[in-house]
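Down below is the structure, laid out as structure tokens.
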Amino acid sequence: MTSRLLAILRILPRTNASAATQTNSWAKLCLWRRYFEMKEEEEEERLENIAEVLEPVVGVDAVRPIMSEKTVEVRKKFVREHYRNISQVNPSQNHVMHEQEQQQIRRPNLDIPVNDGQSYVTLAQ
């Protein structure tokens, strides 16, 4: 307890101390500025080391996997196949699909199921 009290008293400036013995606030500022500059340099060095380690793995001109040429081609092929399957539907199924689309556009179902589908509440417009 006594050592803590003495440490606090040492921190507080003495009232009878001359101005020459007190530290200059500009000097304190310069010391802190240098401290933060050193911390920033250490952080930059750490980031450079991480980049050096990851560069062989990722590469400098790494393309995102979703944007690779192969992936784009596979997506295009999938969409073409989907539309091809839709267009190859026989005429009776095509008519049913057309009716369902028209029903969704012209007469949308605004009923909301409640009580596990036992009853419905109509959504107000």
Side-chain angles (χ1 to χ4, degrees):
M1 180 71 175
T2 307
S3 62
R4 289 184 184 172
L5 184 60
L6 288 174
I8 292 173
L9 289 176
R10 281 189 209 131
I11 292 173
L12 297 175
R14 297 180 194 152
T15 55
N16 61 356
S18 65
T21 59
Q22 292 181 356
T23 56
N24 187 354
S25 61
W26 187 258
K28 284 184 182 179
L29 180 67
C30 289
L31 287 174
W32 278 109
R33 185 179 296 147
R34 180 64 188 144
Y35 171 78
F36 287 119
E37 286 174 356
M38 288 172 51
K39 285 292 189 182
E40 187 176 338
E41 289 172 1
E42 289 174 4
E43 182 69 19
E44 287 177 3
E45 288 176 12
R46 190 176 69 81
L47 290 175
E48 287 175 4
N49 290 339
I50 291 172
E52 288 175 8
V53 169
L54 291 179
E55 187 175 329
V57 175
V58 177
V60 177
D61 298 328
V63 177
R64 293 180 11 206
I66 192 86
M67 297 305 295
S68 70
E69 290 180 24
K70 185 177 180 181
T71 310
V72 171
E73 187 60 35
V74 168
R75 281 196 309 258
K76 286 180 182 179
K77 190 183 289 185
F78 176 78
V79 171
R80 276 190 241 123
E81 186 68 28
H82 174 71
Y83 283 117
R84 186 176 301 127
N85 289 338
I86 288 176
S87 66
Q88 291 178 354
V89 174
N90 63 32
S92 64
Q93 288 180 344
N94 195 11
H95 178 69
V96 171
M97 288 176 55
H98 181 68
E99 286 295 323
Q100 287 176 349
E101 289 175 1
Q102 292 303 317
Q103 190 265 337
Q104 287 177 350
I105 293 171
R106 294 190 179 135
R107 298 176 309 277
N109 183 4
L110 301 178
D111 293 338
I112 301 170
V114 291
N115 297 333
D116 296 325
Q118 300 298 323
S119 59
Y120 291 90
V121 176
T122 302
L123 179 65
Q125 296 233 341

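If you read the sequence from its start, that first residue is 1, and numbering goes on from there.
- I105 meets the side-chain contact (heavy atoms from CB on, under 4.5 Å) test with no other residue; sequence neighbours excluded.
- By the side chain to side chain donor-acceptor pair (under 3.5 Å) test, E48 pairs with no residue at all, sequence neighbours left out.
- In this structure, R80 has no side chain to side chain donor-acceptor pair (under 3.5 Å) partners at least two apart in sequence or on a different chain.
- With sequence neighbours left out, the side-chain contact (heavy atoms from CB on, under 4.5 Å) criterion links Q102 to H98, R106.
- Residues satisfying the side-chain contact (heavy atoms from CB on, under 4.5 Å) criterion with Y83, sequence neighbours excluded, are V79, I86.
- Side-chain contacts under 4.5 Å among hydrophobic residues (ILVMFWY), followed directly or transitively, place V72 with no other residue at all.
- Under the side chain to side chain donor-acceptor pair (under 3.5 Å) criterion, E81 pairs with R84, sequence neighbours left out.
- Partners of I50 according to the side-chain contact (heavy atoms from CB on, under 4.5 Å) rule, which considers only residues two or more places apart in sequence or in another chain, are R46, L54.
- Within the hydrophobic cluster formed by Ile, Leu, Val, Met, Phe, Trp and Tyr side chains joined at under 4.5 Å, directly or through other members, V74 stands alone, with no partner residue.
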Which atom pairs, one a donor and one an acceptor, fall under 3.5 Å between side chains of residues 34-42 and the rest of the protein, sequence neighbours left out?
none

